[in-house]
Amino acid sequence: MNSIFAKNRWWLARLAALPLHLFVFAIVVFFIVRLVPGDAAITMTEGQASAEQLEAIRDQLGLNEPLIVQLGVFLFNLLRLDFGISTTSGQSVFSDVISRVPQTLELTLMALFVAAVVATLLSAAAVFTPRSPIAAIARGYSRAAGALPDFCLGIIAILIFYVVLRVAPAPLGRLDARMTSAPSITNFPMLDTLLSGDGALIASALTHLVLPIAAMSIAYAPYLMKQLIPGLEEQVDAPATRFRIASGGSSFMMVVSVFRRALPAVLVVSGSLLGSLIGGAVVMESMFGLGGIGQYAVNAVSTSDYQAMQGVLIVIVAVVLLIFLVVDLLTLILDSRRRVGAASA
Amino acid sequence: MTTQTTTSGSPVPRTRRRALRGAPKRTEASLRWWLFIPAGLLVLLAAVGPFLVPFNPVDIVGVPSQPPGAEHWFGTDQNGMDVFSRVVAAARTNLLVAAIAAIGSTVLGIVIGVIGGMNEAARGLRGFLARSLARAVEILDAVPAIIIGLVLVSLFGPSVATIIGVLVIVSLARQSKLVRTEVLKVRGDSFVDAARMAGAREINVMFTTVLPNSIRPSFENFSATFGLAIIVEAALGFLGVGLPPPTPEWGTMIATGAADALNYRWWGAAFPTIALIVTVSSIALAGSELLRKRH
């Protein structure tokens with residue numbers, strides 16, 4: 001166990017799994033798209049092309065080649081990040097998709113951050129002040145995990161704050177219609193807006209994001225609390241806590257130490273939650289007209305743009321797997337017992 | 001919670017100890033049957049509701065976009081269909097499709113979980129396939145359900161069969177993972193060896209000895225699966241790839257209503273949204289009560 005490889009095996013093995021998973025997933029996507037009933041050439045031309053034209057399109061798409069050759073070409077193109085040309089925008093699918101990933105990711109991360117803050121505060125109230133009314137509310141709320149669909153909350157938010165109270169802006173974009181968006185530096189729209197330093201622009205961007213982020217964090221905070229509350233409860237009663245109390249540590253110290261020990265489990269949950277959050281962001285984007293992957297995917301679907309859908313699917317999976325990798329590595333760093341071969345070492 | 005150790009004479013001061021103990025533990029009595037009433041009423045509504053509604057849910061029966069009133073209790077949508085009749089009629093569609101999908105994904109998840117779990121440690125191709133299956137399920141679980149649904153429904157067309165298929169696929173991963181974990185725990189137990197020594201064939205060991213002892217988690221997760229299926233089904237409808245209109249379906253109705261909400265007409269979207277939340281909450285309530293009894 002002295003070689004460098006053996007020492008670092010736990011994260012090297014995890015890292016190597018990512019391209020393998022993506023490769024397998026790409027093959028699955030390839031076959032699913034080819035499983036679609038009907039002739040792709042006829043679908044693309046909506047049945048209005050002559051036999052020669054159809055033959056030409058089949059040639060162009062490589063549909064006349066044997067399946068294994070098609071698969072090879074498909075995988076080779078993926079390696080070159082060539083996902084084909086979107087039939088609606090006429091641009092490369094890869095650049096279309098990759099330029100929209102930051103928008104979706106930003107929305108997702110902001111929602112996760114707000115959800116994490118809400119979940120931490122409420123869980124702390126539930127565990128450290130167990131007899132307060134807030135604790136009862138927090139426990140009830142944590143049981144609502146899965147019973148508050150994010151897109152229902154989004155609609156309710158629009159109905160209350162836009163339709164009835166008329167305080168929120170129309171759910172039709174990231175900014176007021178007469179404003180132009182900030183110059184793109186990082187491709188993350190909110191970050192770019194903040195960097196522009198334009199007060200009116202920032203205010204408008206924030207007011208457009210309040211409702212979708214609130215809807216998402218209200219929907220997903222209970223999932224975190226469901227994990228955090230039992231974790232905190234267990235740690236509050238753990239020997240380490242009693243040691244701190246016995247040795248006269250301050251209650252602040254105790255709370256910090258309890259949270260630190262409850263953290264790894266919550267990290268795993270928030271990592272697996274990110275997949276659902278991205279799904280939620282996709283719905284929010286088309287509900288509030290925020291652009292991003294969600295609106296792109298919905299547009300691709302409504303125009304039967306198969307190349308674009310295929311690209312969206314592969315890129316989203318890549319993003320999700322990458323996030324999982326980061327979460328896994330973080331957990332491994334925090335908790336060395338989970339590492340491969342740790343038991344024998 | 002491990003309150004046992006705290007109650008014995010531990011060095012923790014009494015006052016602190018009380019603060020540390022967490023919420024008071026309730027004594028678990030018998031099943032609180034009244035918590036099943038909402039879910040029961042919902043099933044009843046899905047069964048008989050479509051026969052009792054005042055208007056045909058797929059007909060244009062009045063002036064478009066009327067606010068709720070004496071004739072149209074929930075108003076009319078932008079096509080002039082009666083919102084109340086549609087919300088009630090959609091209960092059957094939404095619940096039935098989701099229920100079939102939840103049962104399908106549980107059954108399929110059990111089969112995949114048992115076969116995968118039992119062959120996990122096998123040598124050669126069998127073990128390799130089983131381990132690949134586990135990885136594949138993990139990847140499937142990682143992909144947002146909405147994205148899978150969007151792509152599959154748009155590829156294969158928005159029919160009831162496709163939507164059920166999509167819902168089965170998106171909830172399959174969780175169910176089979178739960179069963180697989182349990183199978184991995186159970187397969188080394190002595191009763192499995194006993195069955196083998198008694199001469200049972202491997203396939204019988206798999207399905208009559210291991211399976212009944214490892215399906216409990218997937219049953220416990222059934223209500224969550226059902227709820228998720230309802231939500232994903234409605235979300236797909238909202239994104240425009242649900243059951244084709246004019247079939248009454250909550251998600252599609254919410255989408256139509258949301259377009260109308262831009263003109264400050266709230267009723268088209270509000271009622272199906274409320275119906276959806278009430279449905280999902282009732283199922284979660286019944287499910288958590290079923291689970292609570294065991295612990």
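Every chain is numbered from 1, with letters handed out A, B, ... down the list of sequences.
To the nearest 0.5 Å, atom CD of residue A:Q295 and atom OG1 of residue A:T104 are 10.0 Å apart. Atom CG of A:L232 sits about 6.0 Å away from atom OG of A:S123, to the nearest 0.5 Å. Atom OH of residue A:Y223 and atom CG of residue A:L148 lie 9.0 Å apart, to the nearest 0.5 angstrom. A distance of 8.0 Å separates CE of A:M253 from OG of A:S247, quoted to the nearest 0.5 Å. Put simply, CZ on B:F226 and OG on B:S105 are 11.0 Å apart, with the number rounded to the nearest 0.5 Å. Once rounded to the nearest 0.5 Å, the distance linking CG of B:N94 with CD of B:E233 reads 4.5 Å.
Classification of A:R261 and A:E233 as a salt-bridged pair fails, no side-chain N sitting under 4.0 Å from a carboxylate O.
Interface check for chain A: of the options B:G257, B:A270, B:S154, the most heavy-atom pairs under 4.5 Å are formed by B:S154. When each of B:A136, B:A258, B:A235 is checked for heavy-atom pairs under 4.5 Å with chain A, B:A235 comes out on top. Of the listed residues (A:V301, A:V312, A:V298), the greatest number of heavy-atom pairs within a distance under 4.5 Å of chain B belongs to A:V301. Chain B forms more heavy-atom pairs under 4.5 Å with one residue of A:Q310, A:H21, A:R166 than with any other, namely A:R166. Most heavy-atom pairs under 4.5 Å with chain A: of the set B:T273, B:D141, B:L140, this distinction falls to B:T273.
Of the candidates B:L152, B:L243, B:V241, B:L243 is the only one forming a side-chain contact (heavy atoms from CB on, under 4.5 Å) with B:I163.
Side chains of B:S282 and B:T279: no donor on one and acceptor on the other come within 3.5 Å.
Contacts between A:F324 and chain B at a heavy-atom distance below 4.5 Å involve the side chain alone, from C-beta outward. Residue contact with chain B, scored on non-hydrogen atoms closer than 4.5 Å, involves the side chain of A:V317 exclusively. Proximity to chain B (any heavy atom under 4.5 Å) is restricted, for A:L159, to the side chain, taken from C-beta onward. Heavy atoms of B:A145 lying under 4.5 Å from chain A are absent altogether. Looking at B:A234, both its backbone and its side chain come within 4.5 Å of chain A, counting heavy atoms on both sides.
With hydrogens and angles ignored, the 3.5 Å screen pairs no side-chain donor or acceptor of A:Q235 with any backbone N or O of A:A238.
Of all residues spanning residues 165-174 of chain B, none has a heavy atom less than 4.5 Å away from chain A's heavy atoms.
If you look at B:W266 and B:F271, their ring centroids are closer than 6.0 Å.
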